[in-house]
Amino acid sequence: KPSARACHTMSRVGRKLYMFGGYDGDKCFNDIDVLDLDTLSWIQPQVSGKIPMARNAHTMTVLGSKLYLFGGHSGNKHLKDLHMLDTETLTWTEPEISGNPPKGLRGHTANLIGNKIYLFGGYDGRGKSFKKIIPSNDLYVLNTDTMRWSHPVENEKAPAGRQRHTACVIGMKQLFIFGGFDGCKWLNDICILDIGKLEENEINNEAVNSLIQNMRKVINNATFSDVVFLVEGKPIYGHKAILSAQCEHFRAMFTNGMKES
């Protein structure tokens with residue numbers, strides 16, 4: 001059986017439990033130990049690929065036959081790397097990730113809803129120099145289809161920052177968060193994240209961002225331009241419809257034969 005340790009993870013895939021990492025008071029681990037539920041015997045399998053750094057207080061999220069490892073603490077630093085273990089081939093990979101990744105975290109939670117991993121809270125080392133732990137209350141979302149991190153807009157109703165809390169998925173639209181440590185005291189509150197509302201906000205934000213990107217393409221672009229301004233002898237191309245929507249003065253000019261009066 002594995003050596004004694006704490007702050008490891010244990011994840012079920014099929015009829016096997018996969019244990020990774022942890023800390024024994026002296027060192028961290030990065031080995032994989034597997035408990036076969038049918039024979040109740042421990043297996044130390046040979047794994048291949050880029051094996052993650054030893055760590056504790058990380059998260060491991062199950063998606064199908066794959067395990068997604070994020071963060072933790074190496075004993076010297078907070079980690080923000082993401083690794084994936086394919087339990088069918090017992091191969092580690094470090095996938096290419098885009099977007100805005102979380103800071104190095106330990107004591108956070110990571111829950112799968114649909115194809116997305118919702119990561120909340122944890123501690124990234126802030127306040128350590130002032131001898132006051134300042135845990136995070138940030139929410140990060142990893143889309144496992146696009147392998148892209150997103151960081152939803154901060155909400156004034158977000159729970160207090162915390163680490164070592166728990167989070168459970170209810171149905172497909174709610175994440176229940178309980179307790180934890182906020183740097184000063186132990187918590188016993190329950191906070192509920194409505195994923196449905198969050199996704200609605202994300203859709204709206206994506207629509208706005210898409211509109212802004214499209215508008216940038218037509219700025220000072222002669223294609224389809226129907227009005228030209230001469231500024232210090234240089235032409236600047238514009239679009240009457242956009243200018244009219246943005247400014248009542250231009251609307252008045254365009255509807256009155258360009259007579260500024």
Side-chain angles (χ1 to χ4, degrees), residues 1-63 66-87 89-94 101-112 117 119-129 131-136 161-168 177-187:
K1 62 184 178 181
S3 59
R5 66 190 70 189
C7 300
H8 51 285
T9 52
M10 180 81 86
S11 310
R12 183 178 68 85
V13 178
R15 296 291 298 166
K16 290 183 173 66
L17 301 180
Y18 292 80
M19 192 182 81
F20 175 80
Y23 178 65
D24 67 358
D26 179 51
K27 63 182 182 298
C28 292
F29 301 92
N30 65 345
D31 53 333
I32 285 282
D33 292 275
V34 181
L35 179 64
D36 188 311
L37 294 176
D38 293 323
T39 62
L40 290 181
S41 59
W42 283 103
I43 306 165
Q44 285 78 39
Q46 287 292 114
V47 297
S48 60
K50 186 176 181 180
I51 298 175
M53 180 184 295
R55 67 194 66 203
N56 72 101
H58 51 281
T59 53
M60 192 79 85
T61 309
V62 180
L63 177 56
K66 296 180 173 61
L67 299 176
Y68 287 81
L69 164 69
F70 177 80
H73 194 263
S74 69
N76 296 308
K77 62 179 180 179
H78 292 85
L79 304 172
K80 62 177 181 179
D81 50 346
L82 180 87
H83 299 264
M84 184 177 68
L85 176 68
D86 188 326
T87 60
T89 62
L90 291 173
T91 303
W92 282 108
T93 56
E94 189 172 4
K103 298 176 182 178
L105 291 171
R106 62 174 168 175
H108 53 287
T109 53
N111 297 82
L112 180 71
I117 297 174
L119 190 150
F120 177 76
Y123 177 55
D124 62 11
R126 282 182 294 175
K128 188 175 182 180
S129 58
K131 297 183 179 179
K132 181 183 178 182
I133 293 175
I134 305 175
S136 168
R162 64 194 65 205
Q163 62 166 324
R164 307 181 205 173
H165 52 283
T166 54
C168 291
I177 297 165
F178 176 80
F181 181 63
D182 71 357
C184 296
K185 62 182 183 295
W186 303 97
L187 306 172

A.B. asks: So, taking the atom named OH in Tyr123 and the one named CZ in Arg164, what distance separates them when rounded to the nearest 0.5 Å?
C.D. replies: 10.5 Å

A.B. asks: Please report the interatomic distance CZ(Phe120) to OG1(Thr109), rounded to the nearest 0.5 Å.
C.D. replies: 7.0 Å

A.B. asks: Can you tell which of His78, Gln163, His58 makes a side-chain hydrogen bond (donor to acceptor under 3.5 Å, both in side chains) with Arg106?
C.D. replies: His78

A.B. asks: Rounded to the nearest 0.5 Å, what separates atom OG1 in Thr61 from atom CG in Leu67?
C.D. replies: 9.0 Å

A.B. asks: Can Ile32 and Leu85 be said to form a side chain to side chain contact (heavy atoms under 4.5 Å, CB included), step by step?
C.D. replies: CA-CA 10 Å; Ile32 285 282; Leu85 176 68; 3.8 Å; yes

A.B. asks: Measure across His73 and Gly75 and return the closest heavy-atom pair with its distance rounded to 0.1 Å.
C.D. replies: ND1-N, 3.0 Å

A.B. asks: Return the minimal non-hydrogen interatomic distance between Leu90 and Pro45, and the atom names on each side.
C.D. replies: CD1-CB, 3.6 Å

A.B. asks: Whether Asp81 and Lys50 form a salt bridge (side-chain N of Lys/Arg under 4.0 Å from carboxylate O of Asp/Glu) is what I want to check.
C.D. replies: no

A.B. asks: What are the two closest non-hydrogen atoms of Gly107 and His165, and how far apart are they?
C.D. replies: O-CE1, 3.7 Å

A.B. asks: Dump the intermediate steps for side chain to side chain contact (heavy atoms under 4.5 Å, CB included) on His8 and Phe29, then the final yes or no.
C.D. replies: CA-CA 9 Å; His8 51 285; Phe29 301 92; over 6 Å; no

A.B. asks: Go through the steps to decide whether Met60 and Val62 satisfy the test side chain to side chain contact (heavy atoms under 4.5 Å, CB included), and finish with yes or no.
C.D. replies: CA-CA 7 Å; Met60 192 79 85; Val62 180; 5.8 Å; no

A.B. asks: What distance do Thr39 atom OG1 and Arg15 atom CZ have between them, rounded to the nearest 0.5 Å?
C.D. replies: 10.0 Å

A.B. asks: Hey, what do you get for CG (Leu35) to OG (Ser41), rounding to the nearest 0.5 Å?
C.D. replies: 7.0 Å

A.B. asks: Can you give me the closest heavy-atom contact between Asn56 and Gly22, atom names plus distance?
C.D. replies: CB-C, 3.7 Å

A.B. asks: Got a second to check how far Lys80's NZ is from Phe70's CZ, nearest 0.5 Å?
C.D. replies: 8.5 Å

A.B. asks: Testing the basics here: between Ala54 and Leu79, what is the closest heavy-atom pair and its distance to 0.1 Å?
C.D. replies: O-CD1, 4.5 Å

A.B. asks: Looking only at atom types and distance, does a side-chain atom of Arg55 sit under 3.5 Å from a main-chain N or O of Met53, one as donor and one as acceptor?
C.D. replies: yes

A.B. asks: Run the side chain to side chain contact (heavy atoms under 4.5 Å, CB included) test on Asn30 and Phe20 for me, step by step, so that the C-alpha distance in whole Å, both residues' side-chain angles and the decisive distance to 0.1 Å come before the verdict.
C.D. replies: CA-CA 6 Å; Asn30 65 345; Phe20 175 80; 4.0 Å; yes

A.B. asks: So, Ser136 versus His108: side-chain donor-acceptor pair below 3.5 Å or not?
C.D. replies: no

A.B. asks: Listed by chain and number, what are the side-chain contact (heavy atoms from CB on, under 4.5 Å) partners of Thr166, not counting sequence neighbours?
C.D. replies: Phe178

A.B. asks: Within the distance-only criterion (no hydrogens, no angle test), does the side chain of Asn111 pair as donor or acceptor with the backbone N or O of Ala167 below 3.5 angstrom?
C.D. replies: yes

A.B. asks: Provide the closest heavy-atom pair for Gly121 versus Leu105 in the form atom of the first, atom of the second, distance.
C.D. replies: O-CD1, 3.5 Å

